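A short worksheet on the structure shown next.
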Amino acid sequence: MKKRLLETEIIHAGYNDDAHIGSLVPPLYQTSTFTFDSADQGEKRFAGEEEGFVYYRLGNPTVKILEDRMAVLEGAEKALAFGSGMAAVSAVLFSLVKGGDHILCSQGVYGCTFGLLQLMKEKFGVTHTFSQMRTKEDFLSAIQHNTSCIYIETPINPTMKVVDLKLASEAASEKGIPVIVDNTFCSPYLQKPIELGCDIVVHSATKYICGHGDVIAGIAAGNRKIMEKISKTTQKDIGGVVSPFDAWLLLRGLKTLAVRMDRHCENAEKLAEALVRHPSVEGVFYPGDPTNEDYMTAKKQMRKFGGLVSFTIKGTKDDAQAFMDRLKLIKIAVSLGDAETLIQHPATMTHAVVPAASRQQMGITDNLLRLSVGLEGWEDIWEDLKQALEKG
Ligand SMILES: *Cc1c(COP(=O)(O)O)cnc(C)c1O
């Protein structure tokens with residue numbers, strides 16, 4: 001059979017209505033436990049000799065539909081759902097890394113991922129280094145004898161720098177090290193790290209996968225062996241699983257992923273162009289800007305350029321904050337990927353935990369703002385930005 005398009009799989013993959021008395025929409029199995037026909041069946045399920053559900057921390061039919069769908073979308077053998085993006089990130093890292101290991105990271109990661117790396121260093125002696133990852137030599141020279149994985153965000157939050165994933169996977173495979181990619185900013189609709197040779201994808205499903213700002217959840221996807229190990233250890237025993245209701249909401253949100261992403265990207269492109277031309281704006285960081293140094297890499301590995309635009313305004317931290325306070329339509333909030341356009345100030349919000357010196361190194365200046373472009377009419381979003389830029 002011809003491979004179906006992603007737009008179709010988003011709606012159908014992993015679900016068979018015949019197995020659910022014809023229910024068009026995946027049913028919500030809101031139950032914590034599952035009964036066994038007999039003691040013998042219970043023994044077999046626990047021994048892994050018989051397929052079936054036991055207790056929802058170990059699996060739930062609604063959650064499984066989401067996991068099966070996400071595996072198809074990411075081109076992975078298996079996916080697992082978690083109670084938050086950070087639960088997914090930590091389950092993956094705790095599974096791949098042991099005390100004394102080293103993690104090679106992209107120059108800039110999500111603030112709480114940065115916090116987790118700090119925690120792993122303090123508690124378990126797991127060290128990490130950040131690398132620009134611009135050339136193969138950057139990777140090869142930064143990989144140490146004890147490097148157990150490479151962790152990449154691209155585009156990088158919030159500076160929107162892009163890492164070449166094919167280059168990363170080539171360098172890593174020379175050394176036999178797995179590459180983990182946080183694909184939150186793109187969703188599988190814009191970027192498929194596994195097709196580019198990377199090993200594991202993680203998501204904060206809270207963002208574009210959900211798309212409606214009403215769920216916190218995470219996804220990890222990769223080959224069957226690694227995912228089964230995670231499911232039987234760091235997922236089961238640390239226990240950061242997603243609730244069936246949240247999985248159900250994610251399945252509902254996911255259906256419109258392609259149409260939402262198209263609009264997010266279209267709006268972002270127009271706003272980035274308008275911001276570049278405004279005299280009160282110092283710099284615009286958007287991979288779809290043809291003058292951006294990462295434009296060609298972004299074009300090569302992303303279907304479109306995403307819905308996030310970062311920019312610096314001329315002035316200080318106070319000017320940046322005053323600008324935010326003048327906005328009317330645009331809401332001041334962290335998170336991203338929602339229908340509503342959101343703006344946040346990374347230096348005092350998402351990346352406040354990062355020490356000032358590291359923030360500078362990552363390019364997170366005090367006048368940098370990150371805009372998560374929503375689904376509103378782009379002219380209205382621009383009108384709001386413009387009035388706030390001009391009243392300063
Ligand atoms: C939000 C986010 C996370 C963390 O996800 P939660 O669902 O909030 O736990 C991780 N990585 C990136 C890039 C994010 O934007």
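Please read these numbers as outputs of a predicted model, since none were measured by experiment. Remember, it's 1-based here, ligands and their atoms both numbered in the order they're listed. Position 1 is the first residue of the sequence, and the numbers go up from there.
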Checking Gln144, Met133, Lys175 against Leu104 for side-chain contact (heavy atoms from CB on, under 4.5 Å), the one that qualifies is Met133

His264 pairs by ring-ring contact (aromatic ring centres under 6.0 Å, His included) with which of Tyr189, Phe185, Tyr208, Phe305?
Tyr208

Based purely on interatomic distance, does [X] place a nitrogen or oxygen under 3.5 Å from a nitrogen or oxygen of ligand 1?
X	answer
Glu153	no
Met86	yes
Gly85	yes

Which heavy atom of the protein is the closest neighbour of atom 8 (O) of ligand 1, given with residue, atom name and distance?
Tyr110 OH, 3.8 Å

among protein heavy atoms, the one nearest atom 2 (C) of ligand 1 is Lys207 NZ, 2.5 Å

Should one rank Asn157, Asp182, Val89 by closest heavy-atom distance to atom 13 (C) of ligand 1, which comes out on top?
Asp182

Ring geometry between Tyr15 and His20 (parallel below 30°, tilted from 30 to 60°, perpendicular above 60°):
parallel

Parallel, tilted or perpendicular: which describes the rings of Phe114 and Phe130, with under 30° parallel and over 60° perpendicular?
parallel

Under a 3.5 Å distance rule, please check whether Thr62 uses its side chain to pair with a backbone N or O of Tyr29 as donor and acceptor.
yes

Using a 4.0 Å heavy-atom cut-off, which part of Ser335 comes near ligand 1: side chain, backbone, both, or neither?
neither

